[in-house]
Amino acid sequence: MATNNMNMDGMMLFEQPFARVPYENYRKVFRTSQKNIEKELSALQTTANDLMKRARAGEGSPEEALKAVEGMIKRTEILKRKLAELQNASGLPTLSVTRERLEHLSTVESITSANGPEFARWADTRLDRWLVDWALRNGKEKTARSIARERGIETLVDIDLFSDIRRIENALTRQSCTEALAWCSENKAALRKVKNPLEFDLRLQEFIELSRIRNLMEAIAYQKKHLIQWQDTHSAQINQAAALLAYTPATAFGPYKRLYDTARWTSLVQSFRLAIYNLSTLPTEPLLHLTMYAGLASLKLPACYDHETKNVDCPVCDDSFGALAKEVPFSHHVNSTIVCRLTGRIMDDDNWPMAFPENGHVYSKEAREI
Ligand SMILES: [Zn+2]
């Protein structure tokens with residue numbers, strides 16, 4: 001790696017979510033298996049203890065004991081089948097995606113030059129991946145699917161993840177928290193670890209909706225069941241929301257009116273998207289933009305934003321790329337590069353600049369020969 005001219009660390013910075021998403025998926029499969037095993041093993045343990053107790057007390061017939069043991073065997077067989085199904089349907093496919101992605105990343109480590117055809121091929125695949133990522137983030141799932149299929153990179157992109165995102169966001173747009181809450185419960189531990197308040201926000205919204213339709217009995221029950229457990233961290237919000245029991249959407253004012261505002265649903269969509277990006281270590285902006293920022297920062301000059309000095313060959317001077325480059329810093333040139341207006345070549349020690357005595361205009365030495 002040290003012998004090649006590529007910035008491997010810089011390249012790998014962009015690849016974290018690429019490896020992380022299948023890892024997270026596998027972790028979920030593993031957790032489900034573990035839960036199944038724990039549940040069945042504890043049931044077996046209970047039956048076994050019970051049998052032993054009865055045997056010691058001299059209770060129960062051998063037939064009953066046999067029946068109980070048979071029941072235990074059956075349970076174990078069902079568990080075995082369940083685990084095998086889970087592994088075949090979700091575990092193995094996820095593992096093969098992980099393997100393919102890691103192989104894709106390790107290929108680049110064996111490439112020695114950034115100028116060769118091997119790297120160009122690898123970078124083409126990477127660009128395709130980023131185009132799919134861009135399309136998925138902008139709701140162009142059909143485009144994403146067709147690029148992935150055409151380029152044969154289905155295992156290298158996260159179409160399923162974004163289908164999930166779209167399904168849950170659509171539900172939120174229809175003002176239903178059910179899907180998002182199910183996602184929260186699947187990812188409970190991870191959300192708690194990063195102290196993400198999405199679940200509380202969703203619960204609060206369901207409470208607000210019950211108050212809106214003046215179903216007060218149910219609202220009070222909901223508050224006890226789902227909001228009180230957040231008391232330690234969200235007591236102010238819980239107390240404020242409780243006042244909605246007294247205010248209808250028509251009589252509410254100030255903060256209570258804001259709680260009834262249906263724009264809260266839009267911010268729930270945003271919070272959900274941030275939470276799911278966060279858990280998958282996906283950046284909030286398309287990877288394509290992030291990589292372009294790097295390139296644009298090396299080209300951006302104050303002149304790019306001056307109508308008089310726009311250059312047709314400069315991407316930053318272009319309005320659309322210029323908009324993307326707005327936030328990036330200007331490029332830093334230690335030495336100016338002077339380009340000859342006549343030959344289009346850089347002027348340096350081999351092709352030095354020469355000035356006309358009459359008007360002071362500077363052209364390169366090579367320009368004399370044309
Ligand atoms: Zn420019």
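Numbers here simply count residues along the sequence, with the first being 1. Note that ligands are numbered from 1 as they come in the structure, with each ligand's atoms numbered from 1 the same way.
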Sphere of radius 2.8 Å around the Zn ion (ligand 1) - protein N, O or S atoms inside:
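For the Zn ion (ligand 1), the protein N, O and S atoms that sit under 2.8 Å away are C304 SG, C314 SG, C317 SG.
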So, using side-chain contact (heavy atoms from CB on, under 4.5 Å) as the criterion, who are the partners of W352 when residues are at least two apart?
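Expected list: M354, K365.
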With sequence neighbours left out, what residues match L299 under side-chain contact (heavy atoms from CB on, under 4.5 Å)?
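By the side-chain contact (heavy atoms from CB on, under 4.5 Å) rule, L299 matches P315, V316.
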side-chain contact (heavy atoms from CB on, under 4.5 Å) between F321 and M292, intermediate numbers included:
CA-CA 9 Å; F321 284 119; M292 284 205 292; 3.7 Å; yes
Do E100 and T155 have a side chain donor and acceptor closer than 3.5 Å?
yes
Salt bridge present between E40 and R75 (N-O < 4.0 angstrom)
yes
With Y260, which residues qualify under ring-ring contact (aromatic ring centres under 6.0 Å, His included), at least two apart?
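ring-ring contact (aromatic ring centres under 6.0 Å, His included) list for Y260, sorted by chain: empty.
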